[in-house]
Number of protein chains: 2
Amino acid sequence: MPPAHHALDPGERLRAAGLRVTRPRTAVLSALAERPHADTDAIIGAVRDAFGPVSHQAVYDVLRVLTDAGLVRRIQPTGSVARYELRVGDNHHHVVCRSCGTIADVDCAVGDTPCLTASDDRGFVIDEAEVVYWGVCSGCGP
Amino acid sequence: MPPAHHALDPGERLRAAGLRVTRPRTAVLSALAERPHADTDAIIGAVRDAFGPVSHQAVYDVLRVLTDAGLVRRIQPTGSVARYELRVGDNHHHVVCRSCGTIADVDCAVGDTPCLTASDDRGFVIDEAEVVYWGVCSGCGP
DNA sequence: CGGGTTTTCTTGAACAAGTCAAGAAAACTT
DNA sequence: AAGTTTTCTTGACTTGTTCAAGAAAACCCG
């Protein structure tokens, strides 16, 4: 039985997507595996810890390439800088804490994309419904 | 019969919210009445056209004060700069065109806040569900 | 209506996230 | 192994937004 897609190591994943395998790319994928919802700065730090000096520009480039290839997803709740995660294609959503900014995943109750139908599509052809739940996490609340 | 709340002129609205009435503030409210979803730059331009020279800082300050007072709502779809609108408290959502960035309002099909319940709240106390529909508008599509 | 207090606006500098550009280095191709 | 393509480094730059200090305007109260 072949490994599930999410169990592929970074190198295999890159090859499967038709991308070259480079250390910065594998390092970014590994960093994201350990830190879902990490922002660019945290990713740069993690990559440097694991791998040595890398320019911030290389990480920005890698993140764009991986995002365009569909290997990572970029999210950006209002008021936050860009964050990245490995969970792609499963149509899940996020809860964000208004107090500390922590982000957690929530599965989509519906399951397919787009998971919601607008009451009036205003003439748009809609392909995705992005949902962000805002609230206060258990660590910040009473 | 008293005028509906949304029919109040900018000065009355400011006073009703306990805020001082100043020309930059009324000018920002008027600009937003004509241009829903305007970004800061467009608002600065509109205010200057209607009223004369105003510093960008004054507009940023006004927008923050009005947002904190609940007179305007700030939205920021991923990839866009901050945008503002006068429709507040009616729990509506937005459709955004991936091609030209145009934003349109869509009423919430459910009506109350939060309009969606997360499948698993992850221990958060959720007070709002923000929905952004992504697609292509009729002007950009086929 | 006028002095005093508070709040707002102007000016100008600063900041952070992200992007651009050109050359050096590494990866793939044949 | 040479050549071609893609990626990485370096460093400057842009954009949206915020900070700080003083000048000006709005409000309060007698």
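Each chain gets a letter, A, B and so on, in the order its sequence line appears, and its residues count up from 1.
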Discussion item. Among Glu85(B), Arg83(B), Glu130(B), which residue satisfies the side-chain hydrogen bond (donor to acceptor under 3.5 Å, both in side chains) criterion with His94(B)?
Written reply: Glu85(B)

Discussion item. Using only atom types and a distance under 3.5 Å, with no angle test, would you say the side chain of Ser80(A) pairs donor to acceptor with the backbone of Gln76(A)?
Written reply: no

Practice prompt. Determine: side-chain N/O of Arg25(A) to OP1/OP2 of dT7(D), distance under 4.0 Å, yes or no.
Written response: yes

Item to complete: For the pair Arg122(B) and Asp105(A), find out whether any cationic side-chain nitrogen is under 4.0 Å from an anionic carboxylate oxygen.
Response: no

Worksheet item: For the pair made of CD in Gln57(B) and C1' in dA21(D), what is the distance, rounded to whole Å?
Response: 12 Å

Item to complete: Could you tell me the separation between the CZ atom of Arg20(B) and the P atom of dC9(C), rounded to a whole number of Å?
Response: 10 Å

Worksheet item: Side chain of Ser55(B): nearest nucleotide among dC8(D), dT10(C), dC20(C)?
Response: dT10(C)

Practice prompt. Under 4.0 Å between any heavy atoms, over every strand shown, what does Val65(A) touch: base, sugar-phosphate, or nothing? Just pick one.
Written response: nothing

Item to complete: Please tell me which of the listed nucleotides, dT10(D), dC9(C), dT18(D), lies nearest to the side chain of Val62(B)?
Response: dC9(C)

Worksheet item: If you find the nucleotide of DNA chain D closest to Pro24(A) and the one closest to Tyr60(B), which residue's nucleotide is nearer the 5' end?
Response: Pro24(A)

Fill in: d(CG, Leu66(B); C1', dC9(C)) in whole Å
14 Å

Worksheet, complete the sentence: Walking DNA chain D from its 5' end, the first of Asp61(B) and Arg74(B) to be reached, judged by nearest nucleotide, is Arg74(B)

Discussion item. Under 4.0 Å from OP1 or OP2 of dA17(C): is there any side-chain N or O of Thr40(A) that close?
Written reply: no

Item to complete: For dT7(C), take OP1 and OP2 only and decide whether either is under 4.0 Å from a side-chain N or O of Thr22(B).
Response: no

Practice prompt. Look at Arg25(A) together with Asp61(A) and state whether they make a salt bridge at an N to O cut-off of under 4.0 Å.
Written response: no

Fill in: Toward the 5' end of DNA chain C, by each residue's nearest nucleotide, Val59(B) or Arg23(A)
Val59(B)

Worksheet, complete the sentence: Atom CZ of Phe51(B) and atom C1' of dT8(C) are separated, to the nearest Å, by 12 Å

Worksheet item: Looking at the side chain of His56(A), which of dT19(C), dG16(D), dT9(D) is the nearest nucleotide?
Response: dT19(C)

Worksheet item: If every non-hydrogen atom of Cys97(A) is compared with every non-hydrogen atom of Val136(A), which pair is closest and at what distance?
Response: SG-CA, 4.0 Å

